[in-house]
Amino acid sequence: MQGGDSRERKSGPFPGAEGAETPLSREDGEERKDRADAGANASGTASVVGAAAEGPRGTSRRGISRRGLFGLAGAGVAGLGIGIAADRGVQAVAAAGAPAAGSTVYPFYQEHQAGIVTPAQDRLHFAAFDLAPGATRADLISLLQDWTAAAAALTAGRDIGSYGAVGGPYDAPPEDTGEAFGLPPAGLTITVGFGPTLFETSAGLDRFGLASARPDALVDLPHFPGDQLEAARGGGDLCIQACADDPQVAVHAIRNLSRIAFGRAAIRWSQLGFGRTSSTSTSQATPRNLFGFKDGTANVKAEQPAVVDEHVWVGAGDGPAWLTGGSYLVARRIRMTIETWDRTALREQETVFGRTKGEGAPLSGGTEFTEPDFASTGNTGAPLIAATSHVRLAHPAQNNGVQLLRRGYNFVDGNDDLGRLEAGLFFISYQRRPSQFTTVQLALARHDAMNEYVRHVGSALFAVPPGAARGSYLGAALFA
Amino acid sequence: MQPRLLPLAALAAATALALTGCVPNASAPGATHAALTVDSSATACTVSASTASAGNVTFTVSNSGDQVTEFYLLGDDQLHIVGEAENIGPGLSRTLVVDLNAGSYFTACKPGMTGAGIGQAPFTVTPSSAADAATNAPGDADLAARVETANANYASYVKDQIGQLVTGTAAFAAAYTAGDDDTARTLYAATRAHWERVETVAESFGDLDPKLDLREADLEEGQDWTGWHAIEKDLWPADAEAGFAAYPAAERARLAGLLVADTATLNEKVQPLSFTLAQQTNGAIGLLDEVATGKVTGEEEVWSHTDLWDFQANVDGARVLYAGVRDVLVQKDADLAATLDTRFAALQALLDAQRVGDGFVLYTDLSTGTVKGLADQVNALAEPLGRLTAALVL
């Protein structure tokens, strides 16, 4: 919910190599070639989980496309053509004027990990993991290699493993759990991060010989006034953020990645998010949080490469070289007492935010994207945007120009013992330095009028390594 | 739990076919894996190619006919079965994965599942470097002998455990009937261990399992509750609902008598059993499933809280099953064997840390962190154990 209005909002063509991925299609469409096709040619082979599975383009062993399999299974042998047609790349389909729902594919192997400046998808499944007691450095490396290979397959819309959900030996459990069978890639991104305890436990134990590689900034966030953190909802050696436009696709990713981890790492805590609360691209409309207000109006946007470079990506010389091109991920589980909020007058609600509820315009006037004028006063001489309003306290102008790339999600996890909805915001932000978050959050924790309606119950910080190169794996430079 | 390890009926095929024409598991990264299709119609058995490279070969068999069909991959004598996909209903498809050496084979379909089959055609497997490099396994005959030994040993183990269950149950029932609750409580978990070690076999007799091992939560409305857990509640009534009355002597005698009689029946039923390789490996998997769903959650022994005794017994049984086939596994997939060795040992170390005297800490005295550690290690073992059947039977 941190505001962080950006001072410039330029839109324009985005340089693809630098920031927001544009949905890739043709290239990956080629790789996601239909298995029915492979079968018909009697020459198809499927990729094996493992870093070596991705061969050079054109000669790569083809993985199993879920949609392709669906076509084959649904139509029988006679329907070979259906699966192929359904599995065409996005561009081809778009050219026909009828984009297939969920057919967006974001490339996995690239300079920065996807899922950061990628246009925020609608759904989230986030999981934090702890390495198993006794796990070794070799276990950690092999886990990251297996996750990388699996993530490349999953984000391309392929099943896990050589045989996938239904093509394997009849007397063995299927390699892929199968609930995404027949579903499109749905814009899935998988983003992996490293927590402080991976480098050194709270007891000072260097389990994996990584203590010397730990960035100075990768330490537990400080206690903020009002924090009511629950240990079971925070921390973790590793994290995976899975975002997709279909919740089943995101859950499928976490489920299979945690299955791959059994024996090496286990889930410590996890969180589902059902609605994005930020826009990370000018192509997206601003969504609303569970307070009913537009959130993320002034977010860092992928279309601002200079801002992204300055505020999101860890630069050369910032710290250990292995993290250059990466970012820091802050996760905060923020419980909202929405029952109380809902009994609050509209005047109070808008005063708390400093914006109108309908349009999302600053109370100083204009429309949603008008810059707030904090000096503007009303007839009593009081500022139109209150001193304790969220938009003012979170604004870069109040925080030495600090900006965050927010990527949070609404959650409702059933209800508590009192029958109140267990609802809130799963706040995620990406920043070049954790201190960016700390600066903004300190200002909010001290003064934000919204504190009456929110409670921070979970907290975690992760260093997110840069993207993996083809043939390598996420975080490889850390172990070099 | 649905029983996964069924008594041998007519399932010799899985073992026989498993050990012919195989090379060690070649599913490591870099291994090739040919995918072929087979169309089994009323009149033809059309395979999409008549050759493949040595290594794993996948046949996706589709039944386009109107009878239930089978697909066979036969050896060069056109008699012995290298692999088969059976019971494929009209309109369905099923995948057969076989790990093949270079050589001559035959493919055939059998719509209607009887008769000589149709469309028998030669199928040639050409050498490939990956498979050749791995061809250092002992002869098929040697493997077959080891499997035969494992089968016989496991049958003996089951009979021995049930035999000890009979003896232990008699002593337990006598103490319980006599009102010697302290002795009965002492014997309870230790005796049940014999049941839990072979649980997947014991519970495969559909009528005996509910008589002997039904938990109160499993009861249907009006169902007579007998067996171990009915007695358990009477011996450990502390957590029972308000108004629960201790069983009168006559009810004690009835329950004890039934327990002894049903256990004797079980003993008779296990005498003629023998087991296929797949039944053994799936039995090991099934025992770990029992741990994961019932024991590590504390749902099995809700009155006595002796879940860790059952946990240990399930793991004992799984380890015996694994040990029986381990030699064969080492030849076929040494990496998987090494992983299973390590993870069995790690789970045992966690259990050993909870030992008190001859037994264990009560489930209710375990911390959440300890239970999570056990559950994580059960997952760590069960996941690779799930690959055991395919690694051996493929």
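Chain naming here is simple, since letters A, B, ... match the order of the sequence lines and numbering starts at 1 in each. Predicted model only: the values in this text are computed from it and were never measured.
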Test side-chain contact (heavy atoms from CB on, under 4.5 Å) on A:Tyr163 and B:Val97 and set out the steps.
CA-CA 10 Å; A:Tyr163 302 109; B:Val97 184; 3.3 Å; yes
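- Each of B:Arg343, B:Arg387, B:Arg94 has some count of heavy-atom pairs under 4.5 Å with chain A, and the biggest count is that of B:Arg94.
- Pairing each heavy atom of A:Ala172 with each of B:Ala390, the nearest pair is CB-CB, 3.3 Å.
- Summarising the geometry, atom OG1 belonging to B:Thr95 is positioned 9.5 Å from atom OH belonging to A:Tyr170; distances are rounded to the nearest 0.5 Å.
- Taking CD1 of B:Ile285 as the reference point, atom CG of A:Asp171 lies at 9.5 Å (rounded to 0.5 Å).
- For residues 375-385 of chain B, the interface with chain A (any heavy-atom pair closer than 4.5 Å) comprises B:Asp376, B:Asn379, B:Ala380, B:Glu383, sorted by residue number.
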